[in-house]
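Predicted, not measured: the structure shown is a model, and the values here were computed from it.
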Amino acid sequence: SNYTHPTKTIYEYDYYGLNYNIKKEIYQYITITDINTDAGIIFQDNKNTLWLATNIGLYNFNGKKFKNFSKEQNFYKSSVSCIYIDKNQTIWFGGDKGLSKINKDGETKLYTKKDGMPYLSIRSICEDYAGNLWIGTYGYGFLIYNGKSFFNIDKNKELSKKIILDIKQDSKNNMWLATSNNGVCRWNSLDSSISWLTENDGLSNNNIRLILEDSWGSYWFATSGGGI
């Protein structure tokens with residue numbers, strides 16, 4: 001996984017640790033000594049702390065050392081698949097136990113079926129322009145959380161059995177959903193219509209891992225096995 005900070009520092013996280021560019025062509029490599037994990041998702045909060053998804057919970061990195069947040073807080077000590085930091089600096093993350101959050105005061109909460117969440121296997125999170133969370137699941141499409149309840153707006157169930165690996169909002173407030181083996185879905189914010197991009201439309205692979213809109217309004221899709 002990789003993440004580029006606005007200062008142009010490039011962070012790359014792999015099985016062995018964190019590699020980051022601190023100046024032009026100068027790199028520093030730091031290992032996480034107590035875990036061996038596959039590449040995870042990286043997000044940075046407004047205090048410049050990096051948050052990393054691992055197979056045993058949530059870690060953070062303050063620029064000098066790693067801290068196992070899940071272990072220290074005795075909270076969500078299992079695999080984390082996705083992380084997202086919203087406009088209020090609430091940290092949201094999920095895996096196979098449900099949706100979790102850490103607010104700016106450090107308070108934690110886990111949302112499960114008791115809280116009205118029908119599916120617990122989470123793979124992606126994104127906040128839309130209205131402040132709603134879009135939550136991609138493993139095999140059940142997506143959910144929306146408005147701060148009070150979870151609901152589904154996919155009335156025609158076009159994504160009901162899809163694995164949603166990434167969700168992004170574009171500059172026109174449309175929502176893009178990356179699926180495993182079904183291509184890319186665009187949800188039109190004006191009329192809630194759905195359109196698809198697949199290999200038939202020129203994608204190199206229908207297994208889409210990540211989505212990015214650049215400053216020119218072009219879209220980039222990272223695939224599994226088909227490049228970009």
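Between T112 and L120, the shortest heavy-atom distance links the atoms CA-CD2, 3.7 Å. Here the shortest heavy-atom pairing between G226 and S204 reads O-OG, 2.6 Å. Nearest heavy-atom pair across S81 and G95 is OG-CA, 3.9 Å. In this structure, S70 and I56 approach most closely via the heavy-atom pair CB-O, 4.3 Å.
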Stepwise side-chain hydrogen bond (donor to acceptor under 3.5 Å, both in side chains) test for D191 and S193
CA-CA 5 Å; D191 58 13; S193 62; 2.7 Å; yes
Assess the residue pair D128 and M175 against the criterion (side chain to side chain contact (heavy atoms under 4.5 Å, CB included)); give the C-alpha distance rounded to whole Å, side-chain angles, the decisive distance to 0.1 Å, and a yes or no.
CA-CA 8 Å; D128 67 18; M175 303 300 293; 4.0 Å; yes
Apply the test side chain to side chain contact (heavy atoms under 4.5 Å, CB included) to residues N173 and W187: give CA-CA distance (whole Å), side-chain angles for both, the deciding distance (0.1 Å), then the verdict.
CA-CA 9 Å; N173 294 328; W187 190 282; over 6 Å; no
Run K172 and S189 through side chain to side chain contact (heavy atoms under 4.5 Å, CB included) and show every step you take.
CA-CA 8 Å; K172 298 178 182 178; S189 63; over 6 Å; no
Show the numbers, then the answer: is there a side-chain hydrogen bond (donor to acceptor under 3.5 Å, both in side chains) between D96 and S121?
CA-CA 4 Å; D96 290 327; S121 188; 2.8 Å; yes
Please report the C-alpha distance between S100 and F93 in whole Å, then the side-chain angles of each, then the deciding distance to 0.1 Å, and finally whether the side chain to side chain contact (heavy atoms under 4.5 Å, CB included) criterion is met.
CA-CA 5 Å; S100 298; F93 60 99; 3.6 Å; yes
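Here D45 pairs with K47, T49, W51, I85, Q89 under the side-chain contact (heavy atoms from CB on, under 4.5 Å) rule; sequence neighbours left out.
Summarising the local packing, NZ of K104 is surrounded by 12 or fewer heavy atoms from other residues, nucleotides or ligands at distances under 6.0 Å.
The stretch residues 194-221 participates, sequence neighbours left out, in no salt bridge (charged side-chain N to carboxylate O under 4.0 Å, His left out) pair at all.
The side-chain heavy atoms of Y140 and I164, taken from C-beta on, include no pair separated by under 4.5 Å. For the pair L133 and I144, the minimum side-chain heavy-atom distance is 4.5 Å or more. Within the 4.5 Å cutoff, no side-chain heavy atoms of K101 are placed close to those of I125. Side-chain contact between I167 and W176: absent, with no pair of heavy atoms (C-beta onward) separated by less than 4.5 Å. Residues N207 and T223 fail the side-chain proximity criterion, which asks for heavy atoms closer than 4.5 Å. At a threshold of 4.5 Å between non-hydrogen side-chain atoms, the residues V184 and I211 count as touching. Residues R123 and C82 fail the side-chain proximity criterion, which asks for heavy atoms closer than 4.5 Å. The side-chain heavy atoms of E158 and W196, taken from C-beta on, include a pair separated by under 4.5 Å.
Each of T108, L52, N68, I102 was evaluated against L58; a single residue qualifies, I102, per the side-chain contact (heavy atoms from CB on, under 4.5 Å) test.
Hydrophobic clustering (ILVMFWY, side-chain heavy atoms < 4.5 Å, transitive): I122 and V80 are in one cluster. Under a hydrophobic-cluster definition in which Ile, Leu, Val, Met, Phe, Trp and Tyr are linked whenever side-chain heavy atoms come within less than 4.5 Å, directly or via other members, M117 and I83 are assigned to the same cluster. A continuous path of Ile, Leu, Val, Met, Phe, Trp and Tyr side chains, each step under 4.5 Å between heavy atoms, connects I194 with F142, placing both in one hydrophobic cluster. In the hydrophobic clustering of this structure, F151 groups with L177; members are Ile, Leu, Val, Met, Phe, Trp, Tyr whose side-chain heavy atoms approach within less than 4.5 Å, directly or through other members. Placement of I153 and L159 within a single hydrophobic cluster is found when ILVMFWY residues are connected by side-chain heavy-atom separations under 4.5 Å, directly or transitively.
The distance from atom OG1 of T179 to atom CG of N206, rounded to the nearest 0.5 Å, is 7.0 Å. In this structure, CG on N200 lies 4.0 Å from OG1 on T198, to the nearest 0.5 angstrom. Atom-to-atom distance recorded for N103:CG and K109:NZ is 11.5 Å, nearest 0.5 angstrom. Within the model, atoms CG of N205 and CG of N181 stand 7.5 Å from one another, a figure rounded to the nearest 0.5 Å. Taking CG of D115 as the start and NZ of K148 as the end, the distance is 15.5 Å to the nearest 0.5 Å. Note that the CG atom of L110 and the NZ atom of K97 stand 7.5 Å from one another [nearest 0.5 Å].
If you chain together ILVMFWY residues whose side-chain heavy atoms come under 4.5 Å of each other, L212 ends up grouped with W220, I228.
Using a 4.0 Å cut-off between charged side-chain N and carboxylate O, D166 and K168 make a salt bridge.
The distance between the ring centers of Y84 and W92 does not fall below 6.0 angstrom. Residues Y111 and Y145 place their aromatic rings such that the two centres sit under 6.0 Å apart.
For E72 (side chain) and K67 (main-chain N/O), no donor-acceptor pair under 3.5 Å exists by modelled atom type. In this structure, the side chain of D86 engages the main chain of N88 through a donor-acceptor pair within 3.5 Å. Although no hydrogens or angles enter the test, the distance criterion places a donor-acceptor pair under 3.5 Å between the side chain of D170 and the main chain of N174.
For W134 and Q169, the side-chain atoms include no donor-acceptor pair closer than 3.5 Å.
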